[in-house]
There are 2 protein chains.
Amino acid sequence: MMDTTNTDDLDKRILRAIAKNGRISVQALGDSVGLSPSPVARRLKRLEERGIVTGYSAMIDETALGFGVSVFVSVKLDRQIDDALQAFEKAILAFPEVVDCWLMTGNRDYLLRVVTRSMAEFEKFLVGSLTKVKGVAEIESSIPLRRVKQTGSRTP
Amino acid sequence: MMDTTNTDDLDKRILRAIAKNGRISVQALGDSVGLSPSPVARRLKRLEERGIVTGYSAMIDETALGFGVSVFVSVKLDRQIDDALQAFEKAILAFPEVVDCWLMTGNRDYLLRVVTRSMAEFEKFLVGSLTKVKGVAEIESSIPLRRVKQTGSRTP
DNA sequence: CCTGAAAAGGTGTACGT
DNA sequence: ACGTACACCTTTTCAGG
């Protein structure tokens, strides 16, 4: 059984273009892929509806805004039942400090990236917010020195 | 001496809004922050010029593009001299499979996120590319089940 | 599934406050 | 530094191939 994704080459070119410039106009998109604006708009809408394009975002320089601290945090929950996972994830989604979160295989723990203005603010987040989330059993922080590469997402 | 970032509350609300929806119109932005379109456009332009807004991007479900495999890879180098780090980083920047890379404190190892079409392609990258980079001593892979949160960047 | 044209809606500039 | 007005451009919708 083959998983026909239903995204053709034109869609892929549209995706590449909007990955590079999320505010590009439908017209310019049409020019770049060789289509008139209306089909591009239709395809874009369809890509959004199908959940392939999950949204659009401005890329903001965190350090320019004073958020100089970025920390990787590994979190283990004390139970691994679905309820605990759901409760944890709901809390995570509400914390602005958490910019990225993955559920890992293995011990079913989470890997987060937490961004704050300072170490003091990070500590406050850790003891004031994260440790207070129900089900959190273990927390391990790793501090990066610097970011070597940032692509956002892969493109062919 | 106070570090007045020169971004006031209005700017911050604009940043929050465009982080959440990078394709929002200037008009809608104006409505949401209580300003008419022209000042919003002026502020937006200024935020871009000052490098606070570095660009716009569509958030794309990588799996939709056929990149179903995402793996966190931890890499230790056998020597921690600057030359080794530089050589390693140069290699990393050239690999399209590596979408994100951080130099970590502590044991001075690297944390990468590697994205491929399949496990077979991942393995090929691992044995064919990553292990062949000079200085690589230890590699540990962690496989995520799914992404829980993807914010791109922190907002004020 | 595409084009093209017309209606609706958004943008950018100039100027007034 | 914000608002309004207006000309211009972009998006959307719909008829037709």
Undergrad: Starting from the C-alpha separation in whole Å, work towards a yes-or-no answer on side-chain contact (heavy atoms from CB on, under 4.5 Å) for B:Gln27 and B:Val40.
TA: CA-CA 8 Å; B:Gln27 249 182 192; B:Val40 174; over 6 Å; no
Undergrad: For the pair B:Phe88 and A:Val148, evaluate side-chain contact (heavy atoms from CB on, under 4.5 Å) and give the outcome as yes or no after the intermediate values.
TA: CA-CA 10 Å; B:Phe88 177 77; A:Val148 174; over 6 Å; no
Undergrad: Roughly how many Å is it from CG in A:Leu10 to P in C:dC2, rounded to a whole number?
TA: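 Going from A:Leu10 (CG) to C:dC2 (P), I get 7 Å.
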Undergrad: Take nucleotides 3-17 of chain D nucleotide by nucleotide from the 5' end and write B, S or -, depending on whether a protein heavy atom sits under 4.0 Å from the base, only from the sugar-phosphate, or from neither.
TA: BB-----SBSB----
Undergrad: Report the distance from atom CZ of B:Arg43 to atom P of C:dG12, rounded to the nearest whole Å.
TA: 17 Å
Undergrad: To the nearest Å, give me how far apart CG (A:Asp31) and P (C:dC2) are.
TA: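 The distance from CG of A:Asp31 to P of C:dC2 comes to 15 Å, rounded to the nearest Å.
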Undergrad: Between B:Tyr56 and A:Tyr56, does the ring centroid distance fall short of 6.0 Å?
TA: no
Undergrad: Charged N to carboxylate O under 4.0 angstrom, B:Arg146 versus A:Glu89?
TA: yes
Undergrad: Take the protein atom CG of B:Leu44 and the nucleotide atom P of D:dA1, then report the distance between them rounded to whole Å.
TA: 15 Å
Undergrad: Of all the heavy-atom pairs spanning A:Ser74 and A:Asp109, show the shortest one and how long it is.
TA: OG-OD2, 4.1 Å
Undergrad: Is a salt bridge present between B:Asp61 and A:Arg50, judged by a nitrogen-to-oxygen distance below 4.0 Å?
TA: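 Not counted as a salt bridge, because no side-chain N and carboxylate O are separated by less than 4.0 Å.
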